[in-house]
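All residue numbers refer to positions in the sequence shown, counting from 1.
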Amino acid sequence: MVHAPTANGLEMGEANMDIGFIGLGVMGQPMALNLARAGIPLVVWNRSPERCEALRAAGAAVAGNTGEVFDRTRIVFLMLIGAEAMDQVLGRGTAGFHAKVAGHLIVHMGTTSPEYSKALEADILAAGGRYAECPVSGSRLPAESGQLVAMLAGEQSAVAEVMPLLGPMCRDTFVCGAAPSALLMKLAVNLFLITMVTGLSEASHFARRHGLDMRQFLSVLDAGPMASAVSRMKIAKLVERNFDVQASILDVLKNNRLVAEAARHCGIASPLLDVCHALYGEAAALGHGHEDMIAVVQAIEARTASLTGSPLPSAQASNHRQA
């Protein structure tokens with residue numbers, strides 16, 4: 001493990017050290033805000049321009065287009081939803097790709113397939129650029145508090161240059177070797193996260209269906225050996241039936257698919273993951289795709305309703321022992 005130094009320890013040098021940041025979604029916006037608040041000069045862009053206003057207020061420059069970001073910076077962080085969005089921003093497959101990436105260090109912080117990342121690295125290096133992959137573990141709240149965990153991979157010089165910039169965003173950074181080792185590490189972590197949160201959701205459904213005191217259920221879990229930062233965060237949301245997004249059902253489905261594809265690529269079975277994929281797909285089909293991943297409990301509830309032929313009790317009724 002390597003602890004990334006804070007921005008105050010950066011040696012900014014004499015060259016233009018503006019840093020580019022493209023992709024200000026649920027995760028990207030708080031990550032970029034932490035960079036800006038640490039005094040790192042940023043040039044940002046997002047497809048939905050209203051997401052840039054918080055960065056403007058924090059002192060970042062807002063670019064009119066992606067080309068301006070590359071014109072004004074040398075290191076560009078990409079926190080984008082997937083491979084298609086990355087290719088579009090970089091102009092990959094077009095005549096403009098070389099002009100954008102040549103002389104730049106591109107830092108891929110999203111989650112894509114390892115195969116995509118490795119191919120992208122090859123294209124960027126061939127075009128005269130440099131590349132690092134740096135997916136992060138955590139959801140919206142850790143992103144807001146600068147408590148993400150980074151997994152960093154790439155050529156040693158690129159890794160060394162990216163490392164000092166991660167301090168404001170990440171509590172810890174792990175150097176994983178050559179790409180795509182960081183993304184493979186992220187997928188391994190995500191496999192555990194997805195199956196753990198799904199199990200927690202099913203346990204919550206079991207407790208609620210039996211009329212247990214849900215506050216006491218929370219306390220018992222929190223006191224026991226299974227307690228973790230994730231369980232504490234998610235069980236509180238389950239008890240309150242608060243589905244405000246931290247990591248969405250649709251995002252989990254995408255990650256689930258990436259893990260399954262990587263497993264199949266190596267001939268690995270993934271039985272728990274496959275069950276989770278079906279449940280998250282059902283939750284999305286029920287209209288919960290943009291809710292937090294714990295909304296998978298509603299797919300489990302729907303299965304129960306289909307077995308019993310009766311509607312589930314309301315949250316108020318199932319918590320009657322709390323009174």
Side-chain angles (χ1 to χ4, degrees), residues 2 4 10-23 28 31-32 35 40 42-45 63 65-137 150-167 169-170 173-188 258 261-262 265-266:
V2 178
L10 290 176
E11 294 295 333
M12 300 306 288
E14 298 179 359
N16 179 0
M17 289 302 292
D18 284 353
I19 303 299
F21 200 108
I22 296 176
M31 291 166 66
L35 288 174
I40 295 175
L42 287 184
V43 181
V44 303
W45 182 87
N65 52 60
T66 59
E68 183 181 344
V69 176
F70 287 91
D71 289 343
R72 295 178 58 178
T73 66
R74 187 175 57 81
I75 300 174
V76 181
F77 287 95
L78 301 179
M79 188 62 178
L80 298 166
I81 194 168
E84 184 177 350
M86 296 223 359
D87 287 347
Q88 185 175 12
V89 163
L90 293 171
R92 192 169 177 223
T94 73
F97 176 72
H98 183 279
K100 274 192 170 179
V101 305
H104 289 81
L105 171 51
I106 309 300
V107 186
H108 170 21
M109 299 198 78
T111 306
T112 61
S113 73
E115 292 79 14
Y116 170 83
S117 179
K118 189 63 178 173
L120 178 62
E121 179 186 47
D123 287 351
I124 288 174
L125 294 177
R130 298 160 68 216
Y131 179 80
E133 61 178 28
C134 188
V136 293
S137 183
M151 290 144 280
L152 181 59
E155 293 183 338
Q156 289 185 359
S157 63
V159 166
E161 194 162 357
V162 171
M163 179 78 71
L165 296 169
L166 300 178
M169 298 183 286
C170 303
T173 296
F174 293 83
V175 177
C176 299
S181 297
L183 272 165
L184 286 167
M185 186 69 75
K186 170 70 184 292
L187 295 183
L258 290 172
E261 288 174 353
H265 184 74
C266 287

In Å, rounded to the nearest 0.5 Å, how long is the span from [atom1] of [X] to [atom2] of [Y]?
X      : Y      : atom1 : atom2 : answer
Leu90  : His98  : CG    : NE2   : 13.5 Å
Leu165 : Phe21  : CG    : CZ    : 11.0 Å
Tyr116 : His108 : OH    : NE2   : 6.5 Å
Met151 : Phe174 : CE    : CZ    : 8.5 Å
Thr112 : Asp87  : OG1   : CG    : 9.5 Å
Leu152 : Thr173 : CG    : OG1   : 7.0 Å

Any chance [atom1] of [X] has more than 12 other-residue heavy atoms, nucleotides or ligands included, within less than 6.0 Å?
X      : atom1 : value
Glu261 : CD    : yes
Met185 : CE    : no
Glu155 : CD    : no

Write down the atom of [X], the atom of [Y], and the distance for their closest heavy-atom approach.
X      : Y      : answer
Leu105 : Ala132 : CD1-N, 4.2 Å
Tyr131 : Ala158 : O-CB, 3.6 Å
Gly20  : Val69  : CA-CG1, 3.7 Å
Ala127 : Phe97  : CB-CE2, 3.9 Å
Leu184 : Pro114 : CD2-CG, 3.6 Å
Ala150 : Cys170 : CB-SG, 3.7 Å

Report yes if some heavy atom in the side chain of Leu183 is under 4.5 Å from a heavy atom in the side chain of Leu258; otherwise report no.
-> no
Evaluate the side-chain proximity of Gln88 to Leu80: yes if any heavy-atom separation is below 4.5 Å, no if none is.
-> no
Quick one: do Phe77 and Cys134 satisfy side-chain contact (heavy atoms from CB on, under 4.5 Å)? Show the steps, please.
-> CA-CA 9 Å; Phe77 287 95; Cys134 188; 5.9 Å; no
Quick one: does any side-chain atom of [X] pair with a main-chain N or O of [Y] as donor and acceptor, under 3.5 Å?
X      : Y      : answer
His104 : Val76  : no
Glu133 : Ala182 : yes
Lys186 : Ser137 : no

Just do the side-chain contact (heavy atoms from CB on, under 4.5 Å) check on Val136 and Met169 with the steps written out, would you?
-> CA-CA 10 Å; Val136 293; Met169 298 183 286; over 6 Å; no
Side chain to side chain contact (heavy atoms under 4.5 Å, CB included), paired with Ile106, selected from Ile124, Ile75, Val89, Leu120 | Ile124
side-chain contact (heavy atoms from CB on, under 4.5 Å) between Arg74 and Arg130, intermediate numbers included | CA-CA 10 Å; Arg74 187 175 57 81; Arg130 298 160 68 216; 4.1 Å; yes
Take Ile19 and Thr73 through the test side-chain contact (heavy atoms from CB on, under 4.5 Å) and record every step on the way to the result.
-> CA-CA 6 Å; Ile19 303 299; Thr73 66; 5.7 Å; no
Any Lys/Arg nitrogen of Glu121 or Lys118 sitting under 4.0 Å from an Asp/Glu carboxylate oxygen of the other?
-> yes
